[in-house]
Amino acid sequence: MPELPEVETVRASLTPLIQGKTIRDVGTNWGKILTNGLDQFQEQVAGQRVERLDRRGKYLLIRLSGGLTIVSHLRMEGKYELVQHADDPMHKFVHVWLTFTDGSQLRYRDSRKFGRMTLVKTGEEMHLSGLRTIGPEPTEATFDVDAFYQTLQRHKKAIKSVILDQSTVAGVGNIYADECLWLAKIHPETPANHLTKRDAKRLRDTIIEELALATKARGTSAHTYLDATGHKGDFQNQLHVYDRKGQPCDRCATPIEKIKVNQRGTNFCPHCQKIK
DNA sequence: CGATGCCTGCCC
DNA sequence: GGGCAGGCATCG
């Protein structure tokens, strides 16, 4: 489900719901989601307090007392919700639950079971496969134009694949990749090394700005995304190409086309986004 | 590198 | 029934 704006919105909405609570117990009905295994998870997490929630790219980092961090990735469909009573009726797709000492319960729902939670010592999360190679956060201070341009120069594959690669820049997924390429007027299949320094600068600025705007709008609910309070985002109203196949381009009225780039559905304007 | 597996629901 | 879906790790 979520890209950076959605994960950030989950982080912000979940924080006041669980911060300060002490975990009494952990349960699951789909062991693969807890990559360390339920027993180890249970043993280490029981009795710890939720101190704060951080985010890195699309990873949610639940900081616990005892020097522990739950690294949570929602993949396509993962969602969190808090219920006030652990015995409230359980939704069909709840696969992991943390029960707190006050009787409330954090539930992780994931119809496709793609999401993962890994327990690590705080500070060691960067050794995990996804976080070890993660690129810069898309902010002015951290997303360096020159480094980005160097990355583009090294790849002759489609620019869309390069910005979807989390080691290039953290947090861009399929929706925002298409949107940013439309905003920057770059064809998604342009070989990355055909882009000029100016193109790189424009695309980098666009990514920073677009993800910030989408975060401000509390994310995009194109399909099923909801934050931790069950609310949709608002940014689906500001999309230009994603899910708009056949509809007129907002700049030139040419119908939006949909193709496949690296097995991912890809929406673009064939007039505004010419291949180089 | 690109392709495949992981899962389930939904829409044609 | 087939194809598709905000993603990633792993395989060849």
Side-chain angles (χ1 to χ4, degrees), chain A residues 1-11 28-36 55-60 71-80 91-96 108-118 125 127-135 138 151 154-181 188-189 191-193 207 210-211 213-215 217-227 232-246 258-267:
Chain A
M1 94 188 194
E3 308 179 33
L4 185 152
E6 292 75 34
V7 179
E8 176 55 25
T9 303
V10 169
R11 189 201 64 76
T28 185
N29 58 17
W30 198 262
K32 289 179 77 169
I33 294 174
L34 303 177
T35 58
N36 316 64
R55 180 194 55 74
R56 180 75 170 91
K58 303 178 197 173
Y59 291 83
L60 195 60
V71 179
S72 168
H73 200 301
L74 281 42
R75 297 284 181 92
M76 299 290 263
E77 286 290 332
K79 290 164 192 64
Y80 280 104
H91 184 281
K92 182 178 172 190
F93 297 125
V94 173
H95 297 306
V96 178
Y108 176 71
R109 262 164 85 156
D110 188 343
S111 61
R112 294 178 75 177
K113 302 170 176 159
F114 280 180
R116 293 291 179 263
M117 287 181 218
T118 305
E125 58 272 9
H127 302 310
L128 298 178
S129 54
L131 284 165
R132 191 174 51 225
T133 54
I134 198 163
T151 302
R154 293 204 321 268
H155 292 283
K156 59 182 184 197
K157 63 182 178 179
I159 181 60
K160 178 169 175 183
S161 305
V162 177
I163 60 171
L164 279 178
D165 182 336
Q166 300 300 294
S167 68
T168 303
V169 56
V172 176
N174 208 39
I175 294 179
Y176 300 114
D178 284 2
E179 293 299 313
C180 290
L181 290 169
E189 291 180 301
N193 60 1
I207 290 170
E210 181 74 351
L211 293 186
L213 279 174
T215 302
R218 302 176 56 82
T220 297
S221 293
H223 300 293
T224 62
Y225 164 73
L226 300 173
D227 73 13
K232 292 184 176 189
D234 288 329
F235 203 71
Q236 57 277 14
N237 305 314
Q238 297 176 63
L239 300 180
H240 297 284
V241 284
Y242 185 83
D243 253 1
R244 292 201 60 219
K245 178 187 172 187
K258 187 167 182 183
I259 59 173
K260 286 268 189 194
V261 177
N262 267 26
Q263 352 272 51
R264 308 297 303 274
T266 299
N267 309 271

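In what follows, every chain begins at residue 1, and chains take the letters A, B, ... in the order their sequences are listed. Model, not experiment: these values are computed from the prediction. Computed over heavy atoms, backbone and side chain alike; hydrogens, waters and symmetry mates excluded.
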A.B. asks: Describe the nucleic acid contact of A/Gly219 in one word from base, sugar-phosphate, nothing, applying a heavy-atom distance below 4.0 Å.
C.D. replies: nothing
A.B. asks: For the backbone of A/Asn267 and the side chain of A/Asp178, can you confirm whether one donor and one acceptor N or O come within less than 3.5 Å of each other?
C.D. replies: yes
A.B. asks: Under 4.0 Å from OP1 or OP2 of B/dA3: is there any side-chain N or O of A/Gln263 that close?
C.D. replies: yes
A.B. asks: Rounded to whole Å, please give me the gap between CG in A/Asp165 and C1' in B/dC1.
C.D. replies: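 Value for this atom pair: 11 Å.
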A.B. asks: With centres under 5.5 Å and planes under 30°, do A/Phe114 and B/dC7 count as stacked?
C.D. replies: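 Here A/Phe114 fails the 5.5 Å or the 30° condition.
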A.B. asks: Mind checking A/Thr220 for me? I need base, sugar-phosphate or nothing, with any heavy atom below 4.0 Å counting as a touch.
C.D. replies: base
A.B. asks: When you measure from the side chain of A/Arg56 to the backbone N and O of A/Lys58, does any donor-acceptor pair fall under 3.5 Å?
C.D. replies: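 Not at all, since once roles are kept as given, no pair shorter than 3.5 Å links the two residues.
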A.B. asks: Write down the distance between CD1 (A/Ile33) and C1' (C/dC8), rounded to a whole number of angstrom.
C.D. replies: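 After rounding, the gap between these two atoms is 14 Å.
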A.B. asks: Report all interatomic pairs (protein N or O, nucleotide N or O of nucleotides 8-11 of chain B) with separations under 3.5 Å.
C.D. replies:
unit_1: B/dT8; atom_1: OP1; unit_2: A/Lys113; atom_2: NZ; d: 2.6
unit_1: B/dT8; atom_1: O4'; unit_2: A/Ser111; atom_2: O; d: 3.4
unit_1: B/dG9; atom_1: OP1; unit_2: A/Lys92; atom_2: NZ; d: 3.0

A.B. asks: Below 4.0 angstrom, N of the basic side chain to O of the carboxylate: do A/Glu77 and A/Arg75 qualify?
C.D. replies: no
A.B. asks: More 5' along DNA chain C: A/Thr266 or A/Leu164, using each one's nearest nucleotide?
C.D. replies: A/Thr266
A.B. asks: Strictly below 4.0 Å: does A/Lys157 bring a side-chain N or O up to OP1 or OP2 of B/dC1?
C.D. replies: no
A.B. asks: Any side-chain N or O of A/His223 below 4.0 angstrom from OP1/OP2 of C/dA5?
C.D. replies: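 Answer is no, no contact under 4.0 Å.
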A.B. asks: Can you give me the N/O atom pairs linking the protein to nucleotides 9-12 of chain C at distances under 3.5 Å, or say none if there are none?
C.D. replies:
unit_1: C/dA9; atom_1: OP1; unit_2: A/Tyr59; atom_2: OH; d: 3.1
unit_1: C/dA9; atom_1: OP1; unit_2: A/Ser129; atom_2: OG; d: 3.3
unit_1: C/dA9; atom_1: OP1; unit_2: A/Gly130; atom_2: N; d: 2.9

A.B. asks: Hey, what do you get for NZ (A/Lys113) to NE2 (A/His95), rounding to the nearest 0.5 Å?
C.D. replies: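 Going from NZ on A/Lys113 over to NE2 on A/His95, the span is 5.0 Å.
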A.B. asks: Students often get this wrong, so: under 4.0 angstrom with heavy atoms, is A/His95 touching a base, only sugar-phosphate, or nothing?
C.D. replies: nothing
A.B. asks: Taking atom C1' of C/dC8 as reference, at what distance in whole Å does atom CZ of A/Arg132 sit?
C.D. replies: 13 Å
A.B. asks: Between A/Ser161 and A/Asn262, which heavy-atom pair has the shortest distance, and what is it?
C.D. replies: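 Between these two residues, the closest heavy atoms are OG-ND2, 3.2 Å.
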A.B. asks: Taking only the P atom of each, what is the distance from C/dT10 to B/dC7 in whole angstrom?
C.D. replies: 14 Å
A.B. asks: Give the nucleotide from the list C/dC4, B/dC1, C/dG7 with an atom nearest to the side chain of A/Lys260.
C.D. replies: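 Comparing C/dC4, B/dC1, C/dG7 against the side chain of A/Lys260, the answer is C/dC4.
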A.B. asks: Compute whether any side-chain donor of one residue and acceptor of the other, for A/Tyr176 and A/Thr220, lie under 3.5 angstrom apart.
C.D. replies: yes
A.B. asks: Can you measure A/Lys156 atom NZ to B/dG2 atom C1' for me and round it to whole angstrom units?
C.D. replies: 13 Å
A.B. asks: In whole angstrom, what separates A/Leu4's CG from C/dC8's P?
C.D. replies: 11 Å
A.B. asks: So, A/Glu6 side chain and A/Asp227 main chain: donor-acceptor pair closer than 3.5 Å or not?
C.D. replies: no
A.B. asks: If we ignore angles and hydrogens, is there a donor and acceptor under 3.5 Å between the side chains of A/Tyr80 and A/Ser72?
C.D. replies: yes
A.B. asks: What is the separation between atom OH on A/Tyr108 and atom P on B/dC7, rounded to the nearest whole Å?
C.D. replies: 13 Å
A.B. asks: How does DNA chain B look in dot-bracket form if you count Watson-Crick and G-U pairs under 3.5 Å, write [ ] for pairs that cross, and put | where a base pairs with another strand?
C.D. replies: ||||||.|||||
A.B. asks: How many Å lie between OH on A/Tyr242 and P on C/dC4, as a whole number?
C.D. replies: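 After rounding, the gap between these two atoms is 13 Å.
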A.B. asks: Can you tell which of B/dC7, B/dG2, C/dG7 lies closest to the side chain of A/Lys32?
C.D. replies: B/dC7
A.B. asks: In terms of ring plane angle, is the pair A/His73 and A/Tyr59 parallel, tilted or perpendicular, where the classes change at 30° and 60°?
C.D. replies: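 Geometry flag for A/Tyr59 against A/His73: perpendicular rings.
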A.B. asks: Should the pair A/His223 and A/Tyr242 be assigned to parallel (<30°), tilted (30 to 60°) or perpendicular (>60°) ring geometry?
C.D. replies: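 Rings of A/His223 and A/Tyr242: perpendicular, as their planes differ by over 60°.
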A.B. asks: What's the CG-C1' distance between A/Leu74 and B/dC6, to the nearest Å?
C.D. replies: 16 Å
A.B. asks: Do any side-chain nitrogens or oxygens of A/Lys58 fall under 4.0 Å of OP1 or OP2 in C/dG7?
C.D. replies: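 Looking at the OP1 and OP2 atoms of C/dG7, one of them is under 4.0 Å from a side-chain N or O of A/Lys58.
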A.B. asks: Heavy atoms only: give me the nearest A/His155-A/Ala192 pair and the separation to one decimal.
C.D. replies: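 Closest approach of A/His155 to A/Ala192, heavy atoms only: O-CB, 3.3 Å.
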A.B. asks: Which pair of heavy atoms, one from A/His240 and one from A/Glu179, lies closest together, and at what distance?
C.D. replies: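 Closest heavy-atom pair between A/His240 and A/Glu179: N-OE1, 2.7 Å.
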A.B. asks: Should we say atom NZ of A/Lys232 is surrounded by more than 12 heavy atoms from elsewhere, each under 6.0 Å from it?
C.D. replies: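 No, the 6.0 Å shell around NZ holds no more than 12 heavy atoms from other groups.
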